[in-house]
Chemist: 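Below is the structure I would like to discuss, written out as structure tokens.
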Amino acid sequence: MMLALQRASAFLVLFLAAFLPPPQCAQDPGMVHYIYQRFRVLEEGLEKCTQATRAYIQDFQEFSKNVSALLGKCQTYRSECKSAVHNLGLRVERAQREIDYLEYLRETDVCPESEDKTLAEELVQEAEDEKTIRTLLNASCDNMLMGIKSLKIVKKTTDTHGSWMKDAVSDSPKVYFFIGSRSNTVWEFANMRAFVEDGTKPGPRKLILTRSWQGTGQVIYKGFLFFHNRGTPNEIIKYNLQKRTVEDRMLLPGGAGRALVYQHSPSTYIDLAVDEHGLWAIHSGPGIQSHLVLTKIEPGTLGVEHSWDTPCRSQDAEASFLLCGVLYVVYSSGGHGPHRINCVYDPLGTISDNDLPNLFFPRRPRSHSMIHYNPRDKQLYAWNDGNQIIYKLQTKRKQPPE
């Protein structure tokens, strides 16, 4: 563009020179002034043209940059959509299998079957359910909780509610920090020292999620963040922390998310947990008078493996955790203490409340915002009145099922 302007200027100079008067007339002051003015107008025009060209080039570059960014986002959305369609296909297949099974049950009901045959089928079904449960909970873990050995306050903040944790199974030393009960921001610390000591290098990394979490029931499992999606009653998000994208999602069945899990945790409707057997969800269910429902989740496909209606009440409860497949629910009177485990539920039926001693937590002024067990560290991570706490546990081997 600039070369074309220079050529046009040279051509114009030659053109004007062809019409200049002979040398004897060139000394005319009026003529000289006129030619000078024309050249000046020409230079100003060329300068304006040059500025306009530069502005156009800059605008075009900005436009190209914006288009490239939008194309990158489109590629990301395409990948997410492709993953969502694949996961939807898996869910449709699961739903079709369940519909086929329900259709089979309906046809069985209308067929004239004898009472003895129906009873036999029920016994077979119960045996198959028990076998399924034992298959789900066949990890090499036979410990039961016997006491809370000690308490260690590792950090103090001004936030009453929140959660903090490490990856429940990986060797990563990173610590994840969730402030409040509703947000889309996660703070990632390089290790426990960086979390405990302010000003330690490197500083925390701020992760902005594409979805917001609700409550204090988040968990980190095998590099993925699982959380209750804010604004939905029962949607669980599986979030890839490295790619910053939603990997998968599921809807918890059975009326999950319609009521608070714990009376003294006013923002948590679904509490996720991890133990030696994998990923769990604790929530309330319909028609069971505020009793807790325990659901086992397959973390790869986010399918429901099994659910149990427990005898543990949500009234006066403040938190719970799982250890070796056993649910321990923490209660307090009025949310102030003492904090003790009053209900224990074992899906295998190997232990009950009568098998345990009185399990008390060290006295704290308020109820716990969260208590999560880490099967790798074999200790509890808790949040109480702005304090981030670690509880060390005392365990013993439980009796094997008969």
Chemist: What residues form a side-chain hydrogen bond (donor to acceptor under 3.5 Å, both in side chains) with D377, not counting sequence neighbours?
Modeler: Y381
Chemist: Holding to side-chain hydrogen bond (donor to acceptor under 3.5 Å, both in side chains), I want the full list of residues that pass it with Y345, two or more places apart in sequence or in another chain.
Modeler: none
Chemist: Please tabulate, one pair per line, all N/O donor-acceptor pairs under 3.5 Å involving side-chain atoms of residues 179-187, not counting sequence neighbours.
Modeler:
| residue | atom | partner | partner atom | Å |
| --- | --- | --- | --- | --- |
| S183 | OG | T185 | N | 3.1 |

Chemist: Please name all residues satisfying side-chain hydrogen bond (donor to acceptor under 3.5 Å, both in side chains) with Y328, sequence neighbours left out, ordered by chain then number.
Modeler: none
Chemist: With sequence neighbours left out, write down each residue that passes ring-ring contact (aromatic ring centres under 6.0 Å, His included) with W213, or none if nothing qualifies.
Modeler: F178
Chemist: Using the disulfide bond (SG atoms under 2.5 Å apart) rule, collect all pairs that involve residues 341-397, keeping only residues at least two apart or in two chains.
Modeler: C312-C343
Chemist: Going by the rule salt bridge (Lys or Arg N to Asp or Glu O under 4.0 Å), which residues pair with D198 if we only count those two or more places apart in sequence or in a different chain?
Modeler: K155
Chemist: Kindly write out the residues that satisfy salt bridge (Lys or Arg N to Asp or Glu O under 4.0 Å) with E197, not counting sequence neighbours, or none if the list is empty.
Modeler: R193
Chemist: Can you tell me which residue among H277, E305, H306 is in a side-chain hydrogen bond (donor to acceptor under 3.5 Å, both in side chains) with K296?
Modeler: E305
Chemist: Looking only at heavy atoms, which two atoms of A281 and L252 are closest? And how far apart?
Modeler: CB-CD1, 3.9 Å
Chemist: Can you say whether the rings of H368 and H339 are parallel (under 30°), tilted (30 to 60°) or perpendicular (over 60°)?
Modeler: perpendicular
Chemist: Does D385 have any salt bridge (Lys or Arg N to Asp or Glu O under 4.0 Å) partners at least two apart in sequence or in another chain, and if so, which?
Modeler: R366
Chemist: Listed by chain and number, what are the salt bridge (Lys or Arg N to Asp or Glu O under 4.0 Å) partners of R205, not counting sequence neighbours?
Modeler: E188
Chemist: Sequence neighbours excluded and cut-off under 3.5 Å, please list the side-chain donor-acceptor pairs for residues 218-227, or say none.
Modeler:
| residue | atom | partner | partner atom | Å |
| --- | --- | --- | --- | --- |
| Q218 | OE1 | S163 | OG | 2.7 |
| Q218 | NE2 | G215 | O | 2.8 |

Chemist: Only counting residues at least two apart or in another chain, list the ones meeting side-chain contact (heavy atoms from CB on, under 4.5 Å) with P362.
Modeler: I148, L151, Y391
